[in-house]
Number of protein chains: 2
Amino acid sequence: MLDETLIAIADPTRRAILSRLAEGEARVTDVARPFAISLNSVSKHIRMLERAKLVRRRIEGREHFLALTPAPLDEAADWIAEQKTLWAWRLGELEKALKDG
Amino acid sequence: MLDETLIAIADPTRRAILSRLAEGEARVTDVARPFAISLNSVSKHIRMLERAKLVRRRIEGREHFLALTPAPLDEAADWIAEQKTLWAWRLGELEKALKDG
DNA sequence: CTGATATTCACCCTTAGAGGTGAATATGTT
DNA sequence: AACATATTCACCTCTAAGGGTGAATATCAG
């Protein structure tokens with residue numbers, strides 16, 4: 001899952017879409033409006049965000065309402081936090097080694 | 001920069017390389033050993049990590065020693081944290097609206 | 001029924017990523 | 001000099017991503 005989450009947020013268009021959805025639910029057309037690219041391209045980005053479970057779709061007639069489901073971001077945040085912890089720990093060990101030596 | 005950082009950590013092989021380097025400096029060959037893929041492929045992954053400034057290389061004779069430089073991870077962590085904050089804020093607003101309504 | 005709106009489907013093209021192999025380069029060892 | 005080690009370079013293949021267009025589908029409004 002982490003892979004798809006990170007791939008999903010690695011694209012600036014998709015990050016912009018997520019930021020837009022952080023303001024609230026929106027239709028595909030609404031989400032697409034600010035972008036210079038075609039509606040179809042935005043639709044594809046949304047599909048990738050759905051695949052990564054970062055976005056949920058509620059269909060009401062011909063309109064598709066999109067909403068954020070940010071849970072997968074936690075896994076990404078956790079990985080980064082763990083890396084930083086390990087790194088900090090190693091720096092601590094290095095310091096100890098330097099002090100002892 | 002954020003783009004390259006996220007793309008860099010979106011690949012599981014590269015995340016494994018970073019985890020290895022979190023234990024300490026290592027040569028290209030050392031980093032490559034645990035992987036089933038060719039040394040050359042690992043070399044390419046390392047180049048991407050360097051491009052993202054997540055890894056620094058110190059050349060000593062014929063050996064290239066690699067070390068983690070995790071600073072760019074902060075930017076990624078910040079983006080995720082901001083998204084979660086915005087989302088939490090919006091949930092708060094929703095609750096308020098529900099209570100008032 | 002007709003026409004407009006919302007979205008996707010089915011294609012196309014181009015680029016980048018991830019993998020491979022074999023040769024080249026540079027350094028160390030004997 | 002000859003050989004081994006460490007790494008990259010130059011190429012090839014395959015797949016997926018990101019963009020596009022035009023048609024299809026589904027719904028809503030008249």
Side-chain angles (χ1 to χ4, degrees), chain A residues 1-21 24-69 72 76 79, chain B residues 1-21 24-69 72 76 79:
Chain A
M1 281 295 315
L2 182 53
D3 281 53
E4 273 170 351
T5 303
L6 289 170
I7 290 172
I9 66 176
D11 182 89
T13 301
R14 283 194 290 269
R15 283 201 303 280
I17 291 173
L18 291 176
S19 292
R20 168 66 183 80
L21 291 178
E25 252 191 3
R27 298 175 308 154
V28 173
T29 308
D30 299 331
V31 167
R33 188 156 311 138
F35 297 102
I37 64 178
S38 75
L39 178 65
N40 202 348
S41 287
V42 174
S43 174
K44 287 178 196 171
H45 281 303
I46 292 168
R47 204 183 325 143
M48 290 193 69
L49 291 170
E50 284 185 281
R51 196 180 357 156
K53 304 233 189 326
L54 284 165
V55 160
R56 157 180 56 81
R57 181 190 306 248
R58 174 173 55 85
I59 300 177
E60 216 166 88
R62 61 183 163 177
E63 293 168 305
H64 295 206
F65 290 92
L66 307 167
L68 228 118
T69 52
W79 184 85
Chain B
M1 283 295 315
L2 182 51
D3 281 54
E4 274 171 351
T5 303
L6 288 170
I7 290 172
I9 66 175
D11 182 87
T13 300
R14 284 193 289 270
R15 283 200 304 281
I17 292 174
L18 292 176
S19 292
R20 167 66 183 81
L21 291 179
E25 250 191 7
R27 299 173 309 154
V28 174
T29 308
D30 299 331
V31 167
R33 187 155 313 132
F35 297 103
I37 63 178
S38 74
L39 179 66
N40 201 348
S41 286
V42 174
S43 174
K44 287 178 198 170
H45 282 302
I46 292 168
R47 205 185 322 144
M48 290 193 69
L49 291 170
E50 284 185 283
R51 198 184 350 162
K53 304 233 191 323
L54 285 164
V55 160
R56 157 179 57 80
R57 179 188 307 247
R58 174 173 56 84
I59 299 177
E60 215 166 273
R62 61 182 165 178
E63 294 169 304
H64 295 208
F65 289 93
L66 307 168
L68 215 90
T69 52
W79 185 85

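Note: hydrogens, waters and symmetry copies are ignored here, and every other heavy atom, side chains too, is used. Here is the naming used below: chain letters follow the sequence lines, and residue numbers restart at 1 for every chain.
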Between [X] ([atom1]) and [N] ([atom2]), how many Å, whole number?
{"X": "Leu39(A)", "N": "dG22(D)", "atom1": "CG", "atom2": "P", "value": "15 Å"}
{"X": "Asp30(A)", "N": "dT5(C)", "atom1": "CG", "atom2": "P", "value": "15 Å"}
{"X": "Leu49(B)", "N": "dA18(C)", "atom1": "CG", "atom2": "P", "value": "10 Å"}
{"X": "Phe65(B)", "N": "dA6(D)", "atom1": "CZ", "atom2": "C1'", "value": "11 Å"}
{"X": "Glu60(A)", "N": "dT27(D)", "atom1": "CD", "atom2": "P", "value": "13 Å"}
{"X": "Ile9(A)", "N": "dA17(D)", "atom1": "CD1", "atom2": "C1'", "value": "17 Å"}
{"X": "Glu63(A)", "N": "dT5(C)", "atom1": "CD", "atom2": "P", "value": "13 Å"}
{"X": "Arg51(A)", "N": "dA17(D)", "atom1": "CZ", "atom2": "P", "value": "5 Å"}

Check: So, Asp30(B) and Arg20(B), do they make that salt bridge, N to O below 4.0 Å?
Finding: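 No, this pair does not count.
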Margin query: Less than 4.5 Å apart, side chain to side chain, heavy atoms only: is that true for Asp11(A) and Met48(A)?
Written below: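 When only atoms from C-beta onward are counted, Met48(A) and Asp11(A) do not touch, as no gap falls below 4.5 Å.
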Check: Can a donor-acceptor pair under 3.5 Å be found between the side-chain atoms of Lys44(B) and the base atoms of dG17(C)?
Finding: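 A donor-acceptor contact between them is absent.
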Next item on the list: Could you tell me the separation between the CG atom of Leu18(B) and the CG atom of Leu66(B), rounded to the nearest 0.5 Å?
Entry: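 Reported value, rounded in 0.5 Å steps: 10.5 Å.
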Margin query: Within the 4.0 Å heavy-atom criterion, would you say Asn40(B) contacts the bases, only the backbone, or no part of the nucleic acid?
Written below: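 Base, at least one base atom sits under 4.0 Å.
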Notebook entry, point to check: Which part of the nucleic acid does Ile7(B) contact within heavy-atom distance under 4.0 Å: base, sugar-phosphate only, or nothing?
Noted result: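 No contact.
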Check: Is there a donor-acceptor pair closer than 3.5 Å between any side-chain N or O of Ser43(A) and the backbone N or O of Leu39(A)?
Finding: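 Side chain of Ser43(A) to backbone of Leu39(A), a donor-acceptor pair under 3.5 Å: no, none is there.
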Item checked: Flag, side chain of Arg14(A) to backbone of Ile9(A), donor-acceptor distance under 3.5 Å -> no
OP1 or OP2 of [N] under 4.0 Å from side-chain N/O of [X]:
{"X": "Arg14(B)", "N": "dG17(C)", "result": "no"}
{"X": "Arg62(B)", "N": "dT25(C)", "result": "no"}
{"X": "His45(A)", "N": "dG19(D)", "result": "yes"}
{"X": "Ser38(B)", "N": "dG19(C)", "result": "no"}

Notebook entry, point to check: So which nucleotide from dG20(C), dA18(C), dG18(D) ends up closest to the side chain of Ser41(B)?
Noted result: dG20(C)
Margin query: Go nucleotide by nucleotide along DNA chain D from the 5' end; which of Arg27(B) and Arg47(B) gets its closest nucleotide reached first?
Written below: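 It is Arg27(B) whose nearest nucleotide is closer to the 5' end.
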